[in-house]
Amino acid sequence: MARYKTIDLSPRFLAVDLEKQLLPGSFAHAVHHLLDHDFDLSSFDSRYRNDETGASAYPPGMLLKIILCAYAEGVVSSRGIERLCREHVTFIALSGDSVPHFTTIAAFVSGLGNDVAKLFAQVLYLCDRQGLIGRQMFAIDGVKLPSNASKQKSGTCADFARQAEKLEAAAQAILARHRENDTLPVEPDLADKAAQRIERLDQEAAQLRQWLTEHPRDRKGSKGAIRKSNRSDNESAKMATSKGVIQGYCGVAAVDDAHQIIVEAQAHGTGSEQELLLPVIEATAPLRTDQTLITADAGYHSEANLKALATDNTAALIADNGMRKRDARFKDQEKYKALPDPLYDKAHPKKNTKTYRPSDFSYDPETGTCICPAGKTLYQNGANCIHNGYVSTKFSGALRDCVPCAQRAKCLRTPEKTKVRQVSFFRGKADSTQESYTDLMKRAIDSDEGKALYGRRFATVEPVFGNIRHNDRRKSPWDKRLNRFTLRGQKKVDTQWKLFCLVHNIEKLAHHGYGVTE
């Protein structure tokens with residue numbers, strides 16, 4: 001019978017050179033070379049005061065190596081990173097066979113703060129030195145991700161006050177019911193459970209009261225509207241996405257079109273992308289030239305943003321909601337919406353209107369008369385009314401006709417409050433001596449040159465988000481799987497977002513031979 005050598009897959013002692021486990025051309029080798037030769041980490045020295053007394057600290061460079069490589073593998077948990085340093089040969093090599101405690105790793109990530117922005121800038125400098133930043137187009141886009149916050153703990157101050165009252169009332173009701181049954185025998189287990197429930201209700205109510213004491217006013221949005229607070233993470237926000245409403249942050253990135261280098265990354269607790277456009281563009285100013293074109297989708301479009309860009313002479317193509325409807329290339333897009341996915345289509349089904357619409361009225365523009373479905377003549381109370389930039393003719397019913405009308409329920413949404421029906425007929429866009437910035441942008445983006453330039457935006461920025469969020473391990477050695485932020489607070493979430501974008505940029509350096517050809 002043939003004999004074979006025994007293959008031990010779990011050897012306990014190996015005589016290996018750890019540094020040689022970091023193969024040239026790999027992401028781990030690029031990170032190792034970057035932090036040992038090109039990064040200035042002197043800003044981290046001020047964190048430690050152990051020159052004469054105290055235990056020695058783990059080098060910041062080593063901690064950054066294992067954190068960046070763990071993020072590249074989709075491991076963001078500090079306990080998971082500690083386990084990799086104990087079991088994975090690449091991380092054993094990066095850490096020098098040391099195993100930092102998970103609390104050390106967690107505290108280091110949470111405390112990066114402004115230092116991560118300096119690291120990001122240093123990587124951009126290296127990318128620029130390698131010729132990876134073209135400066136012809138910066139494409140801006142964002143992704144809304146849930147955070148480490150409970151959506152159920154969102155609300156206004158009035159909501160929290162009502163919740164506290166309900167909890168206190170429930171606790172009092174349970175207590176009163178037990179007092180009524182004092183003369184009856186009660187099982188000890190049931191009594192203990194009831195006492196624990198009363199204690200839990202009182203504790204939750206006290207937490208709500210404490211929150212209201214510390215936050216007596218509601219947060220305000222950019223337009224002055226009330227923005228719901230969150231008792232888990234008050235800097236996060238409720239956001240509407242294609243998968244439903246989440247409690248989280250919006251990560252925004254500006255990507256150069258030459259080699260898809262992320263030139264700016266920010267995370268904010270707001271679902272309004274319009275608020276985020278100008279801060280991101282302002283942050284990219286040191287890298288832009290006079291010929292750099294900014295592109296963004298319709299989520300960033302607003303008249304105020306376009307005016308600010310025009311005032312600063314910033315070349316930009318910002319799409320509007322009707323761009324695709326005007327583009328003949330998208331004339332068949334509706335057929336793809338014929339069979340929506342029932343798992344992910346959160347759009348509300350269209351409801352058939354229950355009241356008469358303007359099309360149900362008989363309007364004669366030549367004579368300027370309008371007759372309602374009940375046969376009554378409405379009187380004209382405005383021939384050139386302007387609403388949202390469109391001119392219309394406005395009609396209103398008479399009290400003598402509308403009040404006794406038998407069709408009030410079909411004509412008025414709230415017949416018990418509204419006395420007469422009003423209807424407007426639009427005649428087109430109002431004449432203006434000066435075009436709006438939206439009209440100027442529409443003309444620019446609808447031109448042949450504008451279509452060609454804007455068409456490059458999708459191929460520039462979308463693959464970047466695909467790499468960070470959905471990369472497939474079967475096709476790529478890295479699988480980051482960013483599907484949520486695990487930290488709380490805008491500053492910490494911004495740090496985590498920048499770390500993922502750092503990983504993406506370092507991957508680009510590794511692909512172009514960084515640390516191998518030098």
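Excluded from the calculations below are hydrogen atoms, water molecules and symmetry mates; all remaining heavy atoms, backbone and side chain alike, are included.
Side chain of Lys144 to main chain of Gly271: a donor-acceptor pair is present (N/O by atom type, distance under 3.5 Å, no hydrogens or angles). Side-chain atoms of Gln490 do not come within 3.5 Å of backbone N or O of Glu235 as any donor-acceptor pair. A distance-only check finds no donor-acceptor pair linking the side chain of Glu273 to the backbone of Ala298 [under 3.5 Å]. Under the 3.5 Å distance criterion, the side-chain polar atoms of Asn234 are left unmatched by any main-chain donor or acceptor of Ser229. Although no hydrogens or angles enter the test, the distance criterion places no donor-acceptor pair under 3.5 Å between the side chain of Trp497 and the main chain of Cys250. Looking only at distances, a side-chain donor or acceptor of Asn230 sits under 3.5 Å from a matching main-chain atom of Ser150.
Nearest heavy-atom pair across Val76 and Ile81 is O-CD1, 4.4 Å. Of all heavy-atom pairs spanning Met323 and Ala319, the tightest one is SD-CB, 3.7 Å. The nearest pair of heavy atoms linking Met62 to Pro100 is CE-CG, 3.9 Å. The two residues Ser236 and Tyr249 have their closest heavy-atom pair at N-OH, 3.4 Å. Nearest approach of Gly134 to Asp256, heavy atoms of both residues: N-OD2, 2.9 Å.
Checked for salt-bridge contact, Lys228 and Asp159 miss the test: no charged N lies under 4.0 Å from a carboxylate O. We find that Lys65 and Asp36 are joined by a salt bridge, their nearest charged nitrogen and carboxylate oxygen being less than 4.0 Å apart.
His268 and Thr270 share no donor-acceptor pair across their side chains, judged by distance under 3.5 Å alone. A donor-acceptor contact closer than 3.5 angstrom links the side chains of Asn467 and His504. Side-chain contact check for Gln210 and Glu214: at least one donor-acceptor pair (N or O, by modelled atom type) lies under 3.5 Å. There is no side-chain donor-acceptor pair under 3.5 Å between Ser42 and Asp45. Side-chain contact check for Asn148 and Thr486: no donor-acceptor pair (N or O, by modelled atom type) lies under 3.5 Å.
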Between Leu64 and Leu41, is the side-chain contact (heavy atoms from CB on, under 4.5 Å) condition met? List the steps.
CA-CA 10 Å; Leu64 282 170; Leu41 303 177; 4.0 Å; yes
Kindly determine whether Lys118 and Asp40 satisfy salt bridge (charged side-chain N to carboxylate O under 4.0 Å, His left out), including the steps that lead there.
CA-CA 9 Å; Lys118 298 177 182 177; Asp40 179 12; over 6 Å; no
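Asp494 CG to Phe485 CZ: the interatomic distance, rounded to the nearest 0.5 Å, is 9.0 Å. Atom-to-atom distance recorded for Tyr300:OH and Leu309:CG is 13.5 Å, nearest 0.5 angstrom. Taken to the nearest 0.5 Å, the CG atom of Asn505 stands 5.0 Å off from the CD1 atom of Ile261. Atom SG of Cys127 is separated from atom NZ of Lys508 by 10.0 Å, given to the nearest 0.5 angstrom. Annotation: the span from Gln496 atom CD to Lys491 atom NZ amounts to 15.5 Å, rounded to 0.5 Å.
Aromatic ring pairs are classed by plane angle as parallel below 30°, tilted from 30° to 60° and perpendicular above 60°; the pair Phe500 and Tyr71 is tilted.
Taking the side chain as every heavy atom from C-beta outward, Asn305 and Ile318 never approach each other to under 4.5 Å. At least one side-chain heavy atom of His32 sits under 4.5 Å from a side-chain heavy atom of Glu19. Annotation: side chain of Arg47 is in contact with side chain of Asp115 (closest heavy-atom distance under 4.5 Å).
With sequence neighbours excluded, the residues forming a side chain to side chain contact (heavy atoms under 4.5 Å, CB included) with Ala158 are Thr156, Arg162, listed by chain and number. Residues passing the ring pair (Phe, Tyr, Trp, His ring centres under 6.0 Å) test with Tyr454: none are found, sequence neighbours excluded. Scored by the side chain to side chain contact (heavy atoms under 4.5 Å, CB included) test, Arg288 finds Phe138, Ile281, Thr284, Ala285, Thr292, Ile294, Thr314 as partners (sequence neighbours excluded). With sequence neighbours excluded, the residues forming a side chain to side chain contact (heavy atoms under 4.5 Å, CB included) with Glu204 are Leu167, Arg200, listed by chain and number.
Every pair tested for ring pair (Phe, Tyr, Trp, His ring centres under 6.0 Å) that includes a residue from residues 270-290 fails, sequence neighbours excluded, so the list is empty.
In this structure, Asn50 places its CG atom where more than 12 heavy-atom neighbours from other residues, nucleotides or ligands lie under 6.0 Å away. Within a 6.0 Å sphere centred on CZ of Arg86, other residues, nucleotides and ligands contribute more than 12 heavy atoms. Counting non-hydrogen atoms of neighbouring residues, nucleotides and ligands closer than 6.0 angstrom, the OH atom of Tyr48 exceeds 12 such neighbours. Atom CD of Glu462 is surrounded by more than 12 heavy atoms from other residues, nucleotides or ligands within 6.0 Å.
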Can you list, pair by pair, the side-chain donor-acceptor contacts under 3.5 Å of residues 90-99, counting residues two or more places apart and other chains?
from  : atom 1 : to    : atom 2 : distance (Å)
Ser95 : OG     : Phe91 : O      : 2.8
Ser95 : OG     : Ile92 : O      : 3.4
Ser95 : OG     : Ser98 : O      : 2.9
Ser98 : OG     : Ser95 : O      : 2.5

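The aromatic ring centroids of His259 and His512 lie less than 6.0 Å from each other.
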